[in-house]
Each structure stands twice: as structure tokens, then as C-alpha cells.
Amino acid sequence: MVATMKYISITGHTSEMNHVVNRYLSRYDIQLEQAKHSLMEPFTTLNPFAQTLRKAEKFSEIVGLPPPLYVPIAEADAVNLVEAATVAYDHRDERLRGLEARLVDTQQQIEILENYTALDIDLHALGGLEFIHFRFGRFSVDNFRRFEKFLQSDMRVMFTVAKREKDFVYGVFFTPVMHEEEVDAIFSSLEWEDMGLHFGKQGDNPLVFAEQTLESRPPVFGDSTTPAAVIQRLRVEVFEMERAIAELTHGSFSSVCSAERLAVACAKVKQLYAAFDVKKFAAISRGRQVFTFSGWISDTDADALEREIEIDTLVLFTRNTHEGETRPPTLLRNLPVIRQFEFFTKLYGLPEYGEIDPTPVLAITYTLLFGLMFGDIGHGAVLAIFGIVVQKKWHKNLGGIMQVIGISAAVFGILYGSVFGFEFEPIWLRPTTNISQTLLLSAALGAVLIAFSMLLNMYNSFRRGKIAELLFSANGISGLLFYSSMLWLMVRVIFQGRPVTSLVVVIAALPLVLICFKHPIENYFDGNGFLPKGGVLAFIGQTAIEIFETLLTYLTNTISFVRVGAFAVSHVGMMHVVLQLSQGAAGSQNWIILILGNLLVLAIEGLLVGIQVLRLDFYELFSRFYKGTGEPFKSSNFNRNEG
């Protein structure tokens, strides 16, 4: 359901602003908004913790510990500790600085060499070439085409492609030393980008940058010196350097405090920054004596906050009757089993404030329709177990949804008499032996759900005061009467064999006439005249199109639900195929084929059914009563945001 929101204000002397921030805004979920008042101005003081925050974030990465749940440290102590650790870190010894520079250098080498892993070239041997000049680099794609057109057949140069991308072609060219200058000039004219890789002699580390000396790095190569092999060795080196840097880095500030204590100080600094940042929503009087925080809060939290502030003599609580200058945000509050389906609701869009929350409807219909389409005890149980794993390991709402629909599939498996494709006596019906009945029941269920969605649209229209929408729209009272009449007419003709009389036609057509005149009636009550601005002909043309669209929508939406029964039948049919394939000679069972077949059906059809049910909910039901244009509630509670 959509929580009822209240627009409230908290006012006090500016000396008590920290009191309000730390006592109330850190505990209650309020969407603060910049108060607009002719006698007030925004709070524009710069956050004094901004620079310390950047240092704290850097040390949080260095320490690598999870954020502490409790930060028992004073404000000044936390700031001083982070600043002292920064001074100690900036004075770290030359060995640590050298390792950090070497790590960056090695990572750059890996990044460049990854473009040449396709080449089976002995980099060690390249270091011993005396009469051959070579360069590793890249062309733009256009310049590479020019090279292919004019220079590929030139006997002075040999070019080997290593990698092709959308914009660049990587490779290496070779040429005799006697042609070095002219070949370099040619490649330079083609905007050749040299990667800066050069190679030492035998016994040295052959891979260095142009600006780097051989002595700056020890040898890292063994027998294999292809680019791929070199990258593997360099990655081992990176791992060892990162471990050594971490140990030396912790030692650089160990004289100041322990890593655990520094993590607490960093968490406190982040908290201080967030608490001060909330003040940007405050409005300050021109004399800077009074402040006001204003924003949206749920009615239950508003009651609790008001009771708490009543005994606080330092601040004043106010409920604003004008409800702010913006529309209320949408905050959904549902039971846990329904709350996980909010994941699907938010894919479509949040309800506007005052609209019905479609999440309970979605939860019930999605669970029911999935079970009807995917009824199998075994598959449902596997799906539910997999949902438990997803929720426990990755903490995803999708895991909870899978558990619910898995149970639904298992229940309908009992009603259908199916477990992993094996059949037993059904409690209700077997889709494959009652195909026509299954499809008719699906269409009937669809008609009921469509009618129910119309009732929800009427409720939304009534709550928002849209009387014309309530009475005359295709999803209002007139639409429901017309749709019900058409269903009654179909039952009367097809199932009862009774003739269509003039009275029946009049009863069915009257609501459609009211739907046609929705816009003129709406214009009349708005004081804009009965006929639309385009005149009678425009009205007739527009009405004809709307009638056709309305009739087509009713028909296609109802028929669309036939897929519920069709998928139930196809599921049983697919499992029959799996059982036939797993059936060996002399009636023996091939369990490998049976298991793989079940897994394949579970994966493919389970995904298809999940998508189809979501489509039915979104297009056949939601589109009738739900806009999905609500603005989400954004809590300014910095403790919650930090967590």
C-alpha cells in the first residue's frame, strides 16, 4: 500500500541545528526539501569536513576493513586521527614509494601487452636483433586501410596484425635497419602510435618503456617469453607488490594508530560529513537566528516525531496544512511476502500518491498465473529451493519471488497430477486431456481479472475526483457495463444458443454510446462547450477510431489470457517429449537424459512463463488502472544512506 504522507517542519534556534540533525534527522526517514519562504534564505555554509572526507575515503580503501557498526570516537579525535595518519602516510619511506611507482609501471605494461597476446613472438629473441628495426603500436582503422592499399606489398616492411578493434588496429612492423628512418617517417605520416615498448639484451628483462632503464626492474622471464606468458608473470609480480605495499602502508601509520582504530575514525568522518551535508536543506532567517527543516514524512513517523518533540523545549514541530509546494512522494509499505514483488512494480513505475499500490494485485495474480502455467510439483520445488539460495547468497528480492511462485507451481502440480513429467491421478484436471476446458477457464479468468482492474480504475478515479473518467471512460463504469454485456451476449449466443434480440443489442450498445461522449461531457462540465474544438466531423472521426481501439483492446486482452492454458498444455507436452527421449530399450530409464531434460524445461519454460505472466500483468491489467508516474520517496536520513 502507498503510505500516507505529511508535510512537516522542524524549527529552532540556529545554535540547536546540530541537536536536530543528530537526534531527529539521523533517526527518522524524512524527504527534506528546500524550504521556500520570503523571510528565509538557504543554508550556504561550505561543509568543513570535505577535505578530511577525501582522506578518510582513501584510508578506508587502504585499511580494507568493513564499516564498523558503532563508532565510539569523538568528532575532534576522528578528524585529528585521519589528519595525523595522512601526515604519516605522506612521509612514507622511499622503498614504499618505489614499490608504488613500480606497481603502476607494471600495470601499464600489462595493459599494453594485452593488445598483443595473439602474437606468438619470442620477446626475448627480439632483444638480440641487431639488423632488424621494429616497433609495437597501433593505427586508426582508416589509416590501416591506407597502409593496406599502398604499402602492404612494400618489400621494405613487414606488418603483423595483433588485434582489431572498432577504432584501432594493433600490430608490430619490422624493417631492415638500413630503412629505419624512411619507414619510421612513412608510419609517422599514417599517424602510427608507438606503444613505447623496447627490449633489452639476452639475460636482461627485455621489456622496458622508452623512458625506463634496464636496472629499474629485475628479470621476470623464464623459458617462454610470448606476450601471454609475460603477462602471467607480471600479474604474479603485481600480486606480490600489492601485498608488500599493503604491509608497508599499514606500517606507515602504525605509529599513529591501529588499522581498526583508523577505520573507526574514517567512519566517523564520513558520518560528520553526511550530517553537515543535510543542513543544505535548512532555511535560515535573514538574521541567522532561526532555522527550519521541512519535508515529507509518513503519517505514522510524523505522529512518533511529534510526540518526541513535544517534550523537547529546544525546537518546534509543525504540520503544514498546505502540504508543501510539490506533490507528495510515493512510499510503499507492504507485508514482507508482498514487498519483494515491489521489484516488478518499480520496473513499470511507482504509483502516484493517492493511487492504489498495484503490488498486492501483482503479487497475487503473478503467483496464481505462474502456477497455472507451470504446474509441476518437482519443478516448483526446485525453483523454490533455488530461490532460497539466491536470497541467502545474493540478498535479491528475485529469490523471494522465486520461492513464492515455486510453491504455487508445486501446488498446481498436485492439482494437475504432475511431478517431473510423471503423471498421477489429478485432484482437479489434467491440461492435456481437457484442453478445451483449460483454455476456456483461462479466458474466463482473464475476463474476471480485466473486470477487476476496471474496478480498481474506478476507485482511483473517485479518489482523485475524476468523475468523467469514473463514469464514462472505457475502464470506468460505462466500460465495465459494456464489457460485461459483451461477455453476457457471448455466453447467451455460444453456450445457450439463444438469439440476439433488439433489447440485448440496446443494453450492450448503451454503455458504448456513453464512452463515445466522454470527452464532450467532460468539456461541458469544464465550461468549454459540448463539442470539441475541431467540430462535428473531427468528433465523428476521433470517436470512430476510439470505438475501434476500445473494442479491439477488449477482445485482444481477453484472448491474451488464453496463453495461460496454452502454456499449461505445452508444459505437459514438453515433459512427455523428455520422458519419451529418456525411455530406453526394454522400458529402462535413461536418468541422465531425464535429469538434463527436466533442467532444460525448467530453465527455458520457467523463464518464458515468468516473462509472459509479467506481460499479462503489465499490459492487460496495469494499463487499465495504473499510470506508474509517481516520484519515489528519498529519505534524507544520513545514517540509513551511509548504511
Residue pair T359 / T345, side-chain donor-acceptor N/O under 3.5 Å: yes

D29/K634 salt bridge by N-O under 4.0 Å criterion: no

CD1 of I407 to CZ of F370: how many Å apart, nearest 0.5 Å? 12.5 Å

Can you confirm whether more than 12 heavy atoms, excluding those of L607, are under 6.0 Å from its CG atom? yes

Rounded to the nearest 0.5 Å, what separation is found between the OG1 atom of T52 and the OH atom of Y273? 11.5 Å

Looking at CG of L369 and CG of L449, how far apart are the two atoms once the value is rounded to the nearest 0.5 Å? 6.0 Å

Hey, mind stepping through S408 and T367 against side-chain hydrogen bond (donor to acceptor under 3.5 Å, both in side chains) and telling me if it holds? CA-CA 6 Å; S408 175; T367 303; 6.0 Å; no

Answer yes or no: are there more than 12 heavy-atom neighbours, outside K466 itself, under 6.0 Å from its atom NZ? no

Do N18 and K279 meet the criterion of a side-chain donor-acceptor pair at a distance under 3.5 Å? yes

Shortest non-hydrogen contact from T330 to P351? OG1-O, 2.6 Å

T292 and T11 side chains, donor-acceptor separation under 3.5 Å: yes

Is the distance between the ring centroids of F293 and F291 under 6.0 Å? yes

Do the charged groups of R563 and E620 touch, with an N to O distance under 4.0 Å? no

Mark yes when over 12 heavy atoms from residues, nucleotides or ligands other than Q51 sit less than 6.0 Å from its CD; otherwise mark no. no

Could you go through S635 and N637, starting from their C-alpha distance and side-chain angles, then the distance that decides it, and tell me whether this counts as side-chain hydrogen bond (donor to acceptor under 3.5 Å, both in side chains)? CA-CA 5 Å; S635 174; N637 184 335; 4.9 Å; no

Is the distance between the ring centroids of F482 and Y554 less than 6.0 Å? yes

Work out which heavy atom in V264 is nearest to a heavy atom in P72; give both atom names and the distance. CG1-CD, 4.1 Å

Consider side-chain contact (heavy atoms from CB on, under 4.5 Å). Of T4, T300, I338, which one does R333 pass it with? T300

For a quick test of reading the model, state the closest non-hydrogen atom pair linking Y416 to G371 and the distance between them. CE1-O, 4.3 Å

Main-chain N/O of F341 paired to Y366 side chain as donor or acceptor, under 3.5 Å: no

Nearest heavy atoms of S26 and F638, plus distance in Å: CB-CZ, 3.4 Å

Using distance alone, with no hydrogens and no angle criterion, decide if N22 and R27 have a side-chain donor and acceptor under 3.5 Å apart. no

For E342 and N397, what are the C-alpha separation, side-chain angles and deciding distance, and is it a side-chain hydrogen bond (donor to acceptor under 3.5 Å, both in side chains)? CA-CA 9 Å; E342 291 176 6; N397 287 331; over 6 Å; no

Around Y348, counting heavy atoms of other residues, nucleotides and ligands shown, do more than 12 lie under 6.0 Å from its OH? yes

What distance separates W488 CH2 from L481 CG, expressed to the nearest 0.5 Å? 12.5 Å

Let me confirm one number: the OG-CE distance from S453 to M458, rounded to the nearest 0.5 Å. 9.0 Å

Less than 4.0 angstrom from a charged side-chain N to a carboxylate O is my criterion; do E352 and K627 meet it? no

So does K58 have more than 12 non-hydrogen atoms from other groups sitting under 6.0 Å from NZ? yes

Stepwise side-chain hydrogen bond (donor to acceptor under 3.5 Å, both in side chains) check, K270 with S60: CA-CA 10 Å; K270 293 177 183 179; S60 294; 3.1 Å; yes

Are a donor atom and an acceptor atom from the side chains of Y24 and E308 found within less than 3.5 Å of each other? no

W296 vs K6, side-chain contact (heavy atoms from CB on, under 4.5 Å): CA-CA, chis, key distance, verdict: CA-CA 6 Å; W296 295 99; K6 299 296 180 183; 5.8 Å; no

Look at K346 together with D357 and state whether they make a salt bridge at an N to O cut-off of under 4.0 Å. no

Please answer whether the main-chain N or O of N457 pairs with a side-chain N or O of N475 as donor and acceptor at a distance below 3.5 Å. no

Got a second to check how far E306's CD is from I297's CD1, nearest 0.5 Å? 10.5 Å

More than 12 heavy atoms of other residues, nucleotides or ligands under 6.0 Å from CZ of F317: is that the case? yes

